[in-house]
There are 2 protein chains.
Amino acid sequence: MYLYALLNYMFSQSEENYLKAIFHLQQNANGGISTSSISEKLTTKAASVTEMIKKLAEKNLVDYQKYYGVQLTETGRKHALLIIRKHRLWEFFLVKRLNFNWDEVHDVAEQLEHIKSPKLVEELDIFLGRPEYDPHGDPIPDANGNLPKAPKKRLSGLKKGDHAICKGFNDNSSSFLQFLDKQNIGLNTKIEVIGIESFDETMTILVNSNTILLSKTATDNIYVEH
Amino acid sequence: MYLYALLNYMFSQSEENYLKAIFHLQQNANGGISTSSISEKLTTKAASVTEMIKKLAEKNLVDYQKYYGVQLTETGRKHALLIIRKHRLWEFFLVKRLNFNWDEVHDVAEQLEHIKSPKLVEELDIFLGRPEYDPHGDPIPDANGNLPKAPKKRLSGLKKGDHAICKGFNDNSSSFLQFLDKQNIGLNTKIEVIGIESFDETMTILVNSNTILLSKTATDNIYVEH
DNA sequence: ATAAATTATTAGGCAAACCTAATAATTTAT
DNA sequence: ATAAATTATTAGGTTTGCCTAATAATTTAT
């Protein structure tokens, strides 16, 4: 199908990285995404972002108005979701089939997500049993870009006495994931909120009968179901 | 280990493609490899090859003297073998695990071979059961660049009356492999040589009780054991 | 309301990897 | 042995995606 071929083969790795970055920034923001936030996310300079944004706008992947920020078009969003789909399928493969630890997969998946082959994505999905969540608990978009709906709730939003199950992480950096490993916090770990400090929102939680202190930054980045 | 890291992370995709092309050309030639043969293999222009060869020589991946051709250094050869190892492991994965046909895998494997992660290569190798041959019958180098020794014999080298088993193909192009599929020739197919035309070396062979005519070009590209 | 700080854009450059056209070196053919 | 053909190199250009430095627009602070 023409659109599919177009979605799969037309864009450079750089362009794909911009689409993905904009998509992720849109998740946590409303309205247009600023040039500077993109440059921060991709560790490039703002001037480079301006340049690339112009190109993406010409290709109808983003809507863009000077000083008013960027937003993905429907085509841009579809392609961003395809890259995220590939990224998360590969992460699943690496962890579940190749014995990678969840904190080791990010860099490799960043490379693998740019491999262009519609058949590969589909067959990999089948081979893995059409998983719905990656090893970090993030939902894997299906071939049409639909995400399994699991509204995310942050650990930082819970109150004293709440019980919860850990369902994902917003910061997938190796250092954060290693920190979680050290605290024995992982996907589906059961958590009880013992208390919250009023001055900085540090949270005291119970994990496997151990008491652990987590900063607001940490609890903001942990998704739970409760 | 330092050398390993060096081998894995130092080179661009283009550089890797040149190393691989030179390695393959060296298999069928003796002495230095000409600029023009490289440009033909990679469908680039000779001027681009000259440029790249200079760069590879500076990085000690090839030995190079004006008008005397190119040869891989030991480092260059090691890295070429790593890329070939990755290419063939991925082809094995695609055919044996993801239901690709053997004539569909080349382009995807050309992309996957450039993924940089020593752990990925090792774990993939283990996951696949440390296969020795890819789906085309080509040997897969081990982690040290050693190839399982299976000296290759061409079908074109056999005489009338010889029996043989098909063990691999030199031309892995989709069109050639599809031609073979149509003739019911595949890995481990049993062949009997019925006759050879003296004027153009066209060979008449018996495959599953069917008589088939193969051009010299075809028989040159089929490896056999007999 | 104006100065200061922030954010975005433009202009001009650079490196990688390709290209064409012109030229040079070597080999082959008569 | 010289002309013709082949092969290789050089010079100069292009595109992509990045950079710095200068400038412009907008927002924030006093």
Letter per nucleotide, 5' to 3', of nucleotides 8-16 of chain D [B base touched, S only sugar-phosphate touched, - untouched; heavy atoms, 4.0 Å]: SBB------
Tell me every residue that passes side chain to side chain contact (heavy atoms under 4.5 Å, CB included) with [X], counting only those two or more places apart in sequence or in another chain.
X: A:Y223; result: A:K152, A:R154, A:N170
X: B:E15; result: B:F11, B:S12, B:M52, B:K55, B:L56, B:K59
X: B:S34; result: B:S36, B:S37
X: B:R97; result: A:F127, B:F93, B:F127, B:L128

Roughly, in whole Å, what's the span from [atom1] in [X] to [atom2] in [N]?
X: A:L56; N: D:dC18; atom1: CG; atom2: P; answer: 11 Å
X: A:E15; N: D:dC18; atom1: CD; atom2: P; answer: 10 Å
X: B:K45; N: C:dA16; atom1: NZ; atom2: C1'; answer: 20 Å

Quiz item: cation-pi between A:K54 and A:Y64, 6.0 Å / 45°: no
How would you list, by chain and number, every residue that makes a salt bridge (charged side-chain N to carboxylate O under 4.0 Å, His left out) with [X], sequence neighbours excluded?
X: B:K160; answer: none
X: A:E113; answer: A:K20
X: A:K216; answer: A:D220

Sugar-phosphate, base or nothing in reach of B:Y68, heavy atoms under 4.0 Å: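 Since no nucleic acid heavy atom lies under 4.0 Å of B:Y68, the category is nothing.
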Any residue meeting ring pair (Phe, Tyr, Trp, His ring centres under 6.0 Å) with B:H106, in chain and number order, not counting sequence neighbours: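 B:H87.
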Dot-bracket pairing map - DNA chain D, Watson-Crick plus G-U, both contacts under 3.5 Å, | cross-strand: ||||||||||||||||||||||||||||||
Side-chain donor-acceptor pairs under 3.5 Å in residues 174-182 of chain B, sequence neighbours left out?
residue, atom, partner, partner atom, Å
B:S174, OG, B:D103, O, 3.2
B:S174, OG, B:Q178, NE2, 3.3
B:S175, OG, B:S173, OG, 3.4
B:D181, OD1, B:W102, NE1, 3.3
B:D181, OD2, B:W102, NE1, 3.2

Contacting residues from residues 19-28 of chain B, given that a heavy atom lies under 4.0 angstrom of DNA chain C: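 Those residues whose heavy atoms fall under 4.0 Å from DNA chain C, taken from residues 19-28 of chain B, amount to none.
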